[in-house]
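Notes for the one structure printed next.
Atoms within each ligand, like the ligands themselves, are counted from 1 in listed order. Just so it is clear, the structure is predicted and the values come from calculations on it, not from any experiment. Below, each value reflects all heavy atoms present in this structure, side chains not excepted, and no hydrogens, waters or symmetry copies.
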Amino acid sequence: MRDPSPWTLDTIPDQSGRLAVVTGANSGIGFITARELARRGAHVVLACRDPERGRAAVTRLRSEVPAARLELRRVDLSSLASIREFAARWDHDRLDLLVNNAGIAMVPFARTRDGFESQFGVNHLGTFALTGLLLPALLAAPDPRVVTVSSEGQRFARFDLGNLNAERSYRTAFAYVQSKRANLYFAVELQRRADAAGVRLGSMAVAPGLTRTNVLTGGANGSRGALYAKAVDLLVRAAFRPAPEGAKTSLYAATVPDLPGGSFVVPDGPFQLRGEPVLRPRDRALHDLHTPARLWRLSEQLTGVTYALPASPPPAAAPDDAAGRTPCRPS
Ligand SMILES: NC(=O)c1ccc[n+]([C@@H]2O[C@H](COP(=O)([O-])OP(=O)(O)OC[C@H]3O[C@@H](n4cnc5c(N)ncnc54)[C@H](OP(=O)(O)O)[C@@H]3O)[C@@H](O)[C@H]2O)c1
């Protein structure tokens, strides 16, 4: 049932005193998320991979919100060294909010600097490593929150722990939705572990719905040729909403007071493609106890980042993953 007083960007309460990091804040959903947090008084760190695009975003954001308290810092989620450097340089006494927004979608096959398939490497492993390395700063905050941007497309993932890293095959759309399911599993497992450890930390996942951004045309998708660009342009114009609509679920998850940890926030319209933010507690992925725990252990092995959070009580004997295959290794 719809809330009688719908949540809008104007509903966001005062964020003064809150220190936030938004990854991929130079573009699309991340830019709007950073802008609206700053408009409400948060101190926002724009964590961007490209300094020039980052500076352009800061200039644009300041022109729209002159009083914004901003910092630009560099992080490339396709490089564990860059992620470690970002965390090592963290010089604030805490971190109140981390919005894991940065991502790539449907890109041609490539590997990250550390040898991971790029969508799995950037979208999931980079996010996993960054959050783990920032965890001490998050736990130093009185009411820390982590928001991880998944996708409505995660529902179509055939999650295969034996092919996360394109060991057997690579199909770009499959790899994308699988990495977005990994984002959701990560968010729920982080909440489970925080709860098991008795630490105060809220971990939320969101799906933005179809949103007009650079995600299908920027970065590695920029070299796909004129026909691809034309087709995507037509699709995006016809079906995708403006970026402020897509940022609503992230901003809802980041700012609604007392939101239950482990919430999955999606648009309330058909197929979660558009609409107003609503909780989706019945998503099957949220109730899977085994796969998120296995993904977590694998992510720790692959990234070398271990969290200072104990595992939640082990679920009953886990059936092997659907395909019964050995989890991946970086190549
Ligand atoms: N748009 C949609 O319809 C939609 C639907 C479902 C989910 N999402 C999710 O929404 C999130 C935001 O995407 P968007 O739609 O706003 O697309 P976008 O405009 O392309 O923004 C993506 C951001 O991520 C950054 N990024 C990409 N690779 C990175 C890396 N290796 N290290 C650090 N930053 C990196 C990009 O930086 P550069 O500008 O330097 O490339 C950009 O700032 C993504 O996680 C995406 O999967 C989007």
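- Residue pairs satisfying the salt bridge (Lys or Arg N to Asp or Glu O under 4.0 Å) criterion with at least one member in residues 115-135, sequence neighbours excluded, are absent.
- Taking a heavy-atom cut-off of under 4.0 Å, ligand 1 is surrounded by Gly24, Asn26, Ser27, Gly28, Ile29, Arg49, Arg53, Val75, Asp76, Leu77, Ser78, Asn101, Ala102, Gly103, Ile104, Val122, Val149, Ser150, Ser151, Glu152, Tyr176, Lys180, Pro208, Gly209, Leu210, Thr211, Thr213, Asn214, Val215, Phe240.
- Look at Arg94 and Asp96 and you find a salt bridge, because one of the NZ, NE, NH1 or NH2 atoms lies within 4.0 Å of a carboxylate O, short of that distance.
- Salt bridge absent: Asp288 and Arg284 never bring a charged side-chain N and a carboxylate O closer than 4.0 Å.
- Sorted by first then second residue, the salt bridge (Lys or Arg N to Asp or Glu O under 4.0 Å) pairs that include residues 9-24, not counting sequence neighbours, are Asp10-Arg40.
- Linking ILVMFWY side-chain heavy atoms closer than 4.5 Å, directly or via other members, places Leu190 and Leu125 in a single hydrophobic cluster.
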Exercise answer: donor-acceptor pairs, residues 128-148 side-chain atoms, under 3.5 Å, sequence neighbours excluded:
residue : atom : partner : partner atom : Å
Thr131  : OG1  : Asn100  : ND2          : 3.1
Thr131  : OG1  : Thr127  : O            : 2.7
Asp143  : OD1  : Arg200  : NE           : 3.2
Asp143  : OD1  : Arg200  : NH2          : 3.4
Arg145  : NH1  : Ala253  : O            : 2.7
Arg145  : NH1  : Val256  : O            : 2.9
Arg145  : NH2  : Val256  : O            : 2.8
Thr148  : OG1  : Asn100  : ND2          : 3.3

